[in-house]
Amino acid sequence: MFIWSKEQNWNMYFWVIFICFLYALPNIASQQHLEATIKIRADASIAETEDNYVCATLDWWPAEKCNYDRCPWGDSSVLNLDINHPFLASAIKAFSSLRIRIGGSLQDQVVYGMPNLGHPCLPITKMADGLFGFSKGCLSLRRWDELNCLFLKTGVVVTFGLNALRGRYHIRRGIWGGSWNHTNARDFIEYTISKGYPVDSWEFGNELSGHGIGAQVDAKVYGEDLITLKAVLKDLYKKSPSKPLLLAPGGFYERQWYTNFLQASGSGVIDVITHHIYNLGRGDDPRLTKKILDPQYLSQVSEIFRDLQNTIQRHGPWASVWVGEAGGAYNGGGYLVSNTFLNSFWYLDQLGMASKFNTKTYCRQTLIGGNYGLLDTGTFIPNPDYYSALLWHRLMGRGVLSVDNNGTSFLRAYAHCAKQKTGVSVLLINLNNNTEFRITIQSEMNFKLNVESESKDDSLTHGLKKMVSWVGSKASAGSIKREEYHLTAKDGNHRSRVMLLNGRALELTEDGGIPDLLPSYVYNDAPVLVSPLSIAFVVIPNFETEACM
């Protein structure tokens, strides 16, 4: 038997370390370090979100829903989801008050199992000539009761999407005509009120606007039906201390259709205008990864937000705006893309972008179901985007602040007032795969100075800017510490399904609970370091800002 000497062991150890160093040297040499400055306008907010800005959906798709030779829905439907699964309750409770929107493509084929329905309350099944290839279905009152037990136990804020095709008929090529039959919906809403179920808002139809997805309804007819629904809600809730919101149209934004339906429904009928976004395209697009990391591509969707904002200002200033459904890639999302760390670059960037356009709520497709669920469809274990959503919900407050970023377009930056504490919260997204950013964050405020001229009637108003280097400068209060939450992928694989928070894997506790999301604490006189292909939330206490007081 050959025995190594102690000296030989040390020599072998040295050569192994040296070889590993040489192997890593090209990567070390190729990694760049760039200085960047983020200026936050601190004297006024540019927009405001709701406390429940982060929202997730529950859909109606049965297990037989398939795309691209995969069937990713399993038992995640409103009708068959295991609502007693302990991981589900834990995941919802972690938000304290998560908004859940019940809706989706099949909602306009769902009736409600009232005693006077006139036929058996049956589930949705595959049907070749049915809308989207499925039959009509029914939500039984027993199932509605079970769902509300879960909602009440976990503090869910409920938005429910109503069937807007009931009573209508198919005319031709996806166009539906006729008047909406509101009887079944009215009975269902009345039952909901009688049971004390706190539905916060009712939405009318799903993706019937414009050219429609599967079915379309004329904007004028749709607007007139909204007047009918508003009257139903006003009558049923007349003795209720709280009044629900009315949402519409839950479809893809088309300027003329949205303009026409607002004009047809008139002032004060709807409370919230909802629209859907799937800006990454098909779930099987081979360019999906490239799109998610392309800053120019990600920014294109801002035109939709801007145009819709202008339409509302001109034709419906009484209404606010929500993203009622957004999954990135449609048809269930991208397999091994939408449920990985990579997807958080798209998701968090769009949460930040939407908030800048005064979006009050942003509903992610889905809480569970498809490839884009925040929870895995089979195991109920959180996917990386779940933790991204939870961190946003806990850290980013309602006030949205203007950010001036002098870095490259690969560094995305968003700032909000901190949630339930003083200071600001900053989201930093590094889309570059070989550049680390060393970031200084500054507070910028405008001040007006009135200077009297020789004539008492004349005055000149001068705008002065005050800049305070708050993070990454020796001028900052070095004794103050900030919170940092750095998100990276396990083993550096951006398509990993495991997310690291400050280097620690985010995994359920032994009893199935959500792990603590603990920050690292860094002195304010140090720059914020954001590694390649990583995301960071930074909470800065005592940040000089008037907007967040």
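Numbers for residues simply follow the sequence, beginning at 1.
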- Do any N or O atoms from the side chain of Thr274 and from the backbone of Gly324 form a donor-acceptor pair under 3.5 angstrom? no
- Message: Tell me whether Asn116 at atom CG has more than 12 heavy atoms from other residues, nucleotides or ligands lying less than 6.0 Å away.
- Response: yes
- Query: Under the 3.5 angstrom rule, does the side chain of Arg398 hit a backbone N or O of Thr49 as a donor-acceptor pair?
  - Reply: yes
- Just by distance, with hydrogens left out, do Ser76 and Thr377 show a side-chain donor and acceptor under 3.5 Å apart? no
- Using the ring-ring contact (aromatic ring centres under 6.0 Å, His included) rule, pick out the option among Tyr258, Phe305, Tyr253 that qualifies with His275. Phe305
- Message: With heavy-atom distances below 4.5 Å as the criterion, would you say the side chains of Asp385 and Arg364 are in contact?
- Response: yes
- Message: Pairing donors with acceptors under 3.5 angstrom, does anything connect the side chains of Arg394 and Ser425?
- Response: no
- Query: Among side-chain atoms of Asp376 and Thr379, is any donor-acceptor pair under 3.5 angstrom?
  - Reply: yes
- Message: If you apply the rule side chain to side chain donor-acceptor pair (under 3.5 Å), what do you find for Asp145 with Tyr191, and how did you get there?
- Response: CA-CA 10 Å; Asp145 293 340; Tyr191 175 82; 2.9 Å; yes
- Item | Pair Asp200 + Arg99: basic N to acidic O under 4.0 Å | yes
- Query: Do you know which of Ile514, Leu374, Leu501 makes side chain to side chain contact (heavy atoms under 4.5 Å, CB included) with Tyr387?
  - Reply: Ile514
- Just by modelled atom types, is the Asn279 backbone N or O under 3.5 Å from a matching donor or acceptor in the Tyr297 side chain? yes
- Task: Say whether, by atom type as modelled, one donor and one acceptor occur between the side chain of Gln109 and the main chain of Ser135 under 3.5 angstrom.
- Result: yes
- Item | Student check: side-chain heavy atoms of Ile535 and Phe345 closer than 4.5 Å | yes
- Any donor-acceptor pair under 3.5 Å from Gln107 side chain to Leu162 backbone: yes
- Please lay out, stage by stage, how Val323 and Thr361 fare under the test side chain to side chain contact (heavy atoms under 4.5 Å, CB included). CA-CA 6 Å; Val323 173; Thr361 297; over 6 Å; no
- Item | Asn52 and Leu98, any side-chain heavy atoms less than 4.5 Å apart | no
- Message: We want to know whether Asn67 and Tyr330 form a side-chain donor-acceptor pair, criterion being a heavy-atom distance below 3.5 angstrom.
- Response: no
- Message: With a 6.0 Å cut-off (strictly less than), is the heavy-atom count around CD of Gln420, excluding the residue itself, greater than 12?
- Response: no
- Taking the side chain as every heavy atom from C-beta outward, state whether Lys230 and Asp271 have any atom pair closer than 4.5 Å. yes
- For the residue pair Glu325 and Thr57, confirm or rule out a side-chain donor-acceptor distance under 3.5 Å. no
- Test item: Tyr222 side-chain N/O and Phe204 main-chain N/O as donor-acceptor pair under 3.5 Å: yes
- Check against ring pair (Phe, Tyr, Trp, His ring centres under 6.0 Å), Tyr485 and Phe537: CA-CA 5 Å; Tyr485 304 78; Phe537 287 93; 7.1 Å; no
- Task: Taking only Lys NZ, Arg NE, NH1 and NH2, and the carboxylate oxygens of Asp or Glu, determine whether Arg186 and Asp235 approach each other closer than 4.0 Å.
- Result: yes
- Message: Under a 4.0 Å threshold between the charged nitrogen and the carboxylate oxygen, would Asp218 count as salt-bridged to Lys220?
- Response: no
- Main-chain N/O of Ser338 paired with Asn371 side-chain donor or acceptor, under 3.5 Å: no
- Task: Could you tell me whether the side chain of Ser496 and the main chain of Val498 form a donor-acceptor pair under 3.5 Å?
- Result: yes
- Task: Say whether, by atom type as modelled, one donor and one acceptor occur between the side chain of Ser140 and the main chain of Arg143 under 3.5 angstrom.
- Result: yes
- Message: side chain to side chain donor-acceptor pair (under 3.5 Å) for Ser355 and His416? Distances and angles first, verdict last.
- Response: CA-CA 9 Å; Ser355 71; His416 286 226; 3.1 Å; yes
- Item | Asp516 side chain to Leu518 backbone, donor-acceptor under 3.5 Å | no
